[in-house]
There are 2 protein chains.
Amino acid sequence: MKKDTRSMLITAAAELLDQGGPASVTLREVGKRAGVSHNAPYKHFESKDNLLAAVAARELARMSETMDMSSGGKVTIAAVRRVLHAYIDWARTYPARFHLTFGPLPGADVEQKTTAGESRKLLVALVGAAQKADLLPGANADRMASLLQALAHGAADLALNGHLSATGKGRAEPEDLVDDLLRYLRASVRAS
Amino acid sequence: MKKDTRSMLITAAAELLDQGGPASVTLREVGKRAGVSHNAPYKHFESKDNLLAAVAARELARMSETMDMSSGGKVTIAAVRRVLHAYIDWARTYPARFHLTFGPLPGADVEQKTTAGESRKLLVALVGAAQKADLLPGANADRMASLLQALAHGAADLALNGHLSATGKGRAEPEDLVDDLLRYLRASVRAS
DNA sequence: ACCTGAACACCGTTCAAGT
DNA sequence: ACCTGAACACCGTTCAAGT
């Protein structure tokens, strides 16, 4: 059960983010949670921004795992749907982590974007399989994956901040919009 | 040319945001730019968060105007495309304002979301017209507008932070994804 | 009604010193 | 190699006082 300080600092920062938002993530509080002094983080990270970047990197990897599991093994259009829904669910469960992970990070690294690319490979593979089964249009799989991710991301972000049309008949949850898009895409295959 | 202090404070904050990111927006610097002391803002806003919320509100209104103009008067699918491209263009030109406006705001107000709703009415109207011309599927116009806005928003946000697939043949700019979506949606009309 | 200057608590960061 | 305590500059906020 013994964890190294570096890992504990990242965990402490993520928990503080969940509980009180970005403003409550101070190095003093992070240190206290990890059982070290308020400037011990500087032995593991160059700055606070770098610690936050490490939180984002870990979160990206974990989300990737969650999406992996939620695909359910089977390679169908339903798997694409489940992965996108899992993405939205993760954003809703950890809004502050979501915002940190995909927001502008001063301490960002080239390594980060590579990891982000890793987490997309599953989606690209699922999309490719769905295309061969004529369940998605036969465009470049990477670009189709970008389209799907962009919609899921945008819908989640807008909903999280109350900018999605929320009244009356036109009301739609992020998951609804994902389902709408998949339906339209499938319909457009038949038209070609 | 005389502007009231409140308006100057908002302008100063927005400019600082553009030039140095959120970290450089301090009340001391805002005050200096507006020609007042570092705590004069408290006579116009309850807190720094409220000042930032005012910046976001103004930005939302301005973006709405920009989108209005870019629709070009004509009510066609091309107008929908232009409005969505204008949204992306605004995000690219003022990334920090974009992030502030649509990010989580502690000083947020109910009024804000109403304004956001106002800025969407144009898009909903354009979508409704395009639907009648069989250029978009005949779903609820509000929900279709959400789908389009969510994609434009997500594509812009991901691209801004380097999370959009950026290498090889699958590379797509936010504008490309908007065009892709409009094409698929139109194709799906023919399939029904 | 609007503004100022001093003051307070808090934060990120640095540094000398300890093991 | 990792950690601590004191110190520094800076920031949001408050307050007494001025017009």
Side-chain angles (χ1 to χ4, degrees), chain A residues 1-58 96-97 99-100 103-109 112, chain B residues 1-58 96-97 99-100 103-109 112:
Chain A
M1 280 300 286
K2 221 175 110 189
K3 284 232 160 195
D4 57 322
T5 303
R6 181 189 156 90
S7 176
M8 290 184 68
L9 289 170
I10 296 176
T11 300
E15 288 175 355
L16 283 168
L17 203 55
D18 289 340
Q19 293 173 14
S24 72
V25 184
T26 67
L27 289 183
R28 283 166 166 82
E29 198 56 35
V30 166
K32 189 177 293 181
R33 285 216 174 209
V36 292
S37 75
H38 75 283
N39 42 16
Y42 286 95
K43 309 301 161 183
H44 302 271
F45 305 96
E46 284 193 4
S47 66
K48 180 184 178 182
D49 279 338
N50 276 309
L51 166 60
L52 293 178
V55 173
R58 180 203 265 183
R97 301 191 193 195
H99 203 255
L100 171 74
L105 278 186
D109 207 316
Q112 298 256 16
Chain B
M1 280 301 287
K2 221 174 109 188
K3 283 233 161 195
D4 58 321
T5 303
R6 181 190 155 90
S7 176
M8 289 184 68
L9 289 170
I10 296 177
T11 300
E15 288 174 356
L16 283 168
L17 203 56
D18 290 339
Q19 293 174 14
S24 71
V25 183
T26 67
L27 289 182
R28 283 165 166 83
E29 198 56 34
V30 167
K32 189 177 294 181
R33 285 215 173 209
V36 292
S37 76
H38 74 282
N39 42 16
Y42 286 95
K43 309 302 163 183
H44 302 271
F45 306 96
E46 285 192 3
S47 65
K48 180 184 179 182
D49 279 338
N50 276 308
L51 167 59
L52 293 178
V55 173
R58 179 203 266 183
R97 301 190 193 196
H99 204 254
L100 172 73
L105 277 186
D109 207 316
Q112 298 256 16

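Quick note on labels: first sequence line is chain A, next is B, and so on, each numbered from 1.
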**Prompt:** Which distance, rounded to the nearest 0.5 Å, do you find between the OG of B/Ser37 and the CZ of B/Arg28?
**Reply:** 10.0 Å
**Asked** In Watson-Crick or G-U wobble terms, both distances under 3.5 Å, what is the partner of C/dA17?
**Response** none
**Item:** A/Glu29 CD - C/dG12 C1' separation (whole Å)
**Value:** 15 Å
**Asked** Any donor-acceptor pair under 3.5 Å linking the side chain of B/Arg58 with the backbone of B/Ser7?
**Response** yes
**Message:** Does B/Asn39 contact C/dT4 through a side-chain donor or acceptor facing the base, at a distance under 3.5 Å?
**Reply:** no
**Prompt:** For B/Val25, which contact category applies under a 4.0 Å heavy-atom criterion: base, sugar-phosphate, or nothing?
**Reply:** sugar-phosphate
**Fill in**
Whole-Å distance, A/Leu16 CG to C/dC11 P, equals 11 Å
**Asked** Considering all heavy atoms of both residues, which atom of B/Ala54 and which atom of B/Arg6 are nearest to each other, and what is their separation?
**Response** CB-NH2, 4.4 Å
**Request:** For A/Arg6 and D/dA1, give me the distance from atom CZ to atom C1', rounded to whole Å.
**Result:** 15 Å
**Request:** Provide the Watson-Crick or G-U wobble partner of C/dC8, both distances under 3.5 Å; none if there is no partner.
**Result:** D/dG12
**Request:** Report yes if a side-chain nitrogen or oxygen of A/Lys43 is closer than 4.0 Å to either non-bridging phosphate oxygen (OP1 or OP2) of D/dC3; otherwise report no.
**Result:** no
**Asked** Closest approach of A/Ala14 and A/Val55, non-hydrogen atoms and distance?
**Response** CB-CG1, 4.1 Å
**Message:** With a 4.0 Å limit, can you tell me whether B/Thr5 has a side-chain N or O closer than that to the phosphate oxygens OP1/OP2 of C/dC3?
**Reply:** yes
**Prompt:** Does the side chain of B/His44 get closer than 4.0 angstrom to OP1 or OP2 of C/dC3 through an N or O atom?
**Reply:** yes
**Request:** Starting at atom CG of B/Leu52, determine the distance to atom P of D/dG12, rounded to an integer number of angstrom.
**Result:** 9 Å
**Request:** Can you see which heavy atom on B/Ala53 is nearest to which on B/Leu105, and at what distance?
**Result:** CA-CD1, 3.8 Å
**Asked** How close or far is atom P of C/dG5 from atom NZ of B/Lys32, stated in whole angstroms?
**Response** 13 Å
**Complete:** Walking DNA chain C from its 5' end, the first of A/Tyr42 and B/His38 to be reached, judged by nearest nucleotide, is B/His38
**Asked** A/Asp4 has an atom CG; how far is it from atom P of D/dC2, in whole Å?
**Response** 10 Å
**Fill in**
Testing D/dT13, D/dC3, C/dG12 for proximity to the side chain of A/Leu27, the answer is C/dG12
**Message:** What is the separation between atom CZ on A/Phe45 and atom C1' on C/dT14, rounded to the nearest whole Å?
**Reply:** 19 Å
**Asked** How many Å lie between CZ on B/Arg28 and P on C/dG5, as a whole number?
**Response** 13 Å
